[in-house]
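In what follows, a structure is listed as structure tokens, so that the remarks can point back to it.
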Amino acid sequence: MKVPFLDLKAHHQPIREQLDAAIAQVIDSGAFAGGPFVAAFEQDFATYCGARFAVGVGNGTDALWLSLLALGVAPGDEVITSPSTFMATAEAISFCGARPVFVDIDEQTYTLDPAQLDKAITPKTQAIIPVHLFGQTADMNPILEIASVNGIPVIEDACQAHGALYRGNRAGPMGIAGCFSFYPGKNLGAFGEAGAVVTNDRELEAKIKVLRDHGQARKYFHSHIGWNARMDGIQGAVLSVKLKQLDAGNARRRAHAKLYDELLGGIDEISTPFTAPNNQHVYHIYAVRVDNRDGVLRAMAEKGISCAIHYPIPVHLQEAYRSLGCGKGSFPVAERCAEEFLSLPMYPELSNEQIHAVAEALRSCVGSRMRCLVDGVGVDG
Ligand SMILES: Cc1ncc(COP(=O)(O)O)c(C=O)c1O
């Protein structure tokens with residue numbers, strides 16, 4: 001059986017008429033850049049996240065960058081984050097002229113390890129960005145506590161965690177700002193690029209609104225040097241429709257994860273994901289850990305199962321960040337995970353039959369590797 005990694009067509013099919021109608025409304029109104037459809041989505045999304053405000057922007061990278069700029073992060077500053085993330089988290093820091101400072105991840109949750117946070121804080125630290133990797137929030141209470149003692153704001157990178165819960169709190173407004181990506185493959189995905197910042201801070205909301213629109217609060221009166229980071233009207237309209245499906249989609253993802261856990265949990269060569277107590281995971285990514293990951297990935301592809309890797313190189317080892325001087329061994333947990341992570345197909349419309357097929361294929365791939373090793377031949381050989 002062929003199983004795609006993601007199936008957006010299947011995701012949109014049941015709500016196709018609503019989506020078509022929403023897009024038609026934008027076309028008829030002409031409100032393509034910002035405007036009432038974006039404002040309506042901002043209101044809906046803020047309410048969903050339990051935040052006072054949401055500001056729609058061009059993408060998740062803009063959300064992170066503008067949040068940092070609005071907090072005054074500038075050249076010479078340091079911002080702490082996780083090396084186990086998509087490049088954008090660190091890029092946003094660098095685009096403010098600041099320096100990313102990494103803290104290794106927890107071996108079980110794959111999110112920033114609060115026990116290692118203190119030692120990374122210096123007088124230059126201006127923000128901390130925990131990343132809610134794969135759809136599980138970081139351990140926010142100790143992070144917020146350490147940040148508060150040191151007077152440092154926390155920005156959540158919630159780009160993979162739409163609707164995730166930490167001790168009953170939605171991802172996003174636990175820190176001063178929470179940043180979301182609505183890249184099409186996310187749990188809440190647009191029909192192109194889009195993102196948002198959620199916050200309870202009125203001043204921050206106002207600043208980000210100005211920065212996303214060329215530094216103007218009033219047309220052609222520019223109080224700041226900003227940027228064009230507005231959300232499109234079509235994205236706002238589409239996201240308002242899709243937001244109504246988010247909880248149902250997340251519940252299905254959790255059910256799929258439970259079935260994967262049951263089918264794969266007893267296999268020694270496979271580590272299934274861990275959810276911390278009091279967390280509600282939304283499984284943007286269902287990543288297992290296996291030895292010889294690249295060989296297993298290829299063997300799965302040969303069986304028609306599309307898997308992916310998030311991410312093969314931790315950010316501190318990316319060529320672009322060579323100048324930071326963090327060599328191999330700097331963040332051993334993130335480095336080990338990058339070698340072992342294998343993301344299995346995960347989307348709400350996945351059928352139980354497909355999940356069984358993926359699990360069976362994985363079982364045989366790691367099993368054949370074991371046999372190859374016994375014979376003294378690597379699966380890659
Ligand atoms: C953890 C994380 N941060 C930031 C981003 C950037 O979001 P965007 O691609 O919408 O700019 C992403 C997107 O994949 C992400 O996964």
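If you read the sequence from its start, that first residue is 1, and numbering goes on from there. Atoms within a ligand are numbered from 1 in the order they appear, just like the ligands themselves.
Within a 6.0 Å sphere centred on CZ of Arg336, other residues, nucleotides and ligands contribute more than 12 heavy atoms. A 6.0 Å sphere centred on OH of Tyr183 holds no more than 12 heavy atoms belonging to other residues, nucleotides or ligands.
Taking every heavy atom of Lys186 and a limit of under 4.0 angstrom, the matching atoms of ligand 1 come to 12 (C), 13 (C), 14 (O), 15 (C), 16 (O). Residue Thr85 approaches ligand 1 through these ligand atoms, each under 4.0 Å from one of its heavy atoms: 1 (C). Each of the atoms 3 (N) of ligand 1 lies under 4.0 Å from some heavy atom of Thr89. Residue Ala88 has at least one heavy-atom neighbour below 4.0 Å for each of these atoms of ligand 1: 4 (C), 5 (C), 6 (C). Taking every non-hydrogen atom of Asn59 and a distance limit under 4.0 Å, the qualifying atoms of ligand 1 come out as 10 (O), 11 (O).
The closest non-hydrogen atom to atom 12 (C) of ligand 1, taken over Phe86, Trp65, Phe134, comes from Phe86. Ranked by closest heavy atom to atom 16 (O) of ligand 1, the top entry among His310, Gln160, Glu193 is Gln160.
Counting only heavy atoms of the protein, atom 4 (C) of ligand 1 lies nearest to Cys159 SG, 3.5 Å. In this structure, atom 9 (O) of ligand 1 lies nearest to the protein heavy atom Ser181 OG, 4.0 Å. Nearest protein heavy-atom contact of atom 11 (O) of ligand 1 is Thr61 OG1, 2.5 Å. Of the protein's heavy atoms, Gly60 N, 3.4 Å lies nearest to atom 8 (P) of ligand 1. The nearest heavy-atom contact from the protein to atom 3 (N) of ligand 1 is Asp157 OD2, 2.8 Å.
Note: Ser330 OG to Glu335 CD = 6.0 Å, rounded to the nearest 0.5 Å.
Under the 4.0 angstrom criterion for non-hydrogen atoms, His132 is not in contact with ligand 1. At least one heavy atom of Tyr311 sits less than 4.0 Å from an atom of ligand 1.
Salt-bridge annotation for Asp77 and Lys124: absent, with no side-chain N of the basic residue lying under 4.0 Å from a carboxylate O of the acidic one. Ion pairing between Glu349 and Arg253 fails under the 4.0 Å rule for side-chain N and carboxylate O. At a threshold of 4.0 Å, the pair Glu42-Arg52 does not count as salt-bridged, since none of the basic side-chain nitrogens sits closer than that to a carboxylate oxygen. Between Glu302 and Arg298 no salt bridge is recorded (no basic side-chain N to carboxylate O distance below 4.0 Å).
Remark: the Thr109 side chain and the Asp106 side chain contain an N/O donor-acceptor pair separated by less than 3.5 Å.
When only interatomic distances are considered, the shortest N/O to N/O separation between Tyr183 and ligand 1 does not fall below 3.5 Å.
Using a 4.5 Å heavy-atom cutoff, the side chains of Gln245 and Ile15 are in contact.
Ring centers of Tyr283 and His256: at least 6.0 Å apart, outside the cut-off.
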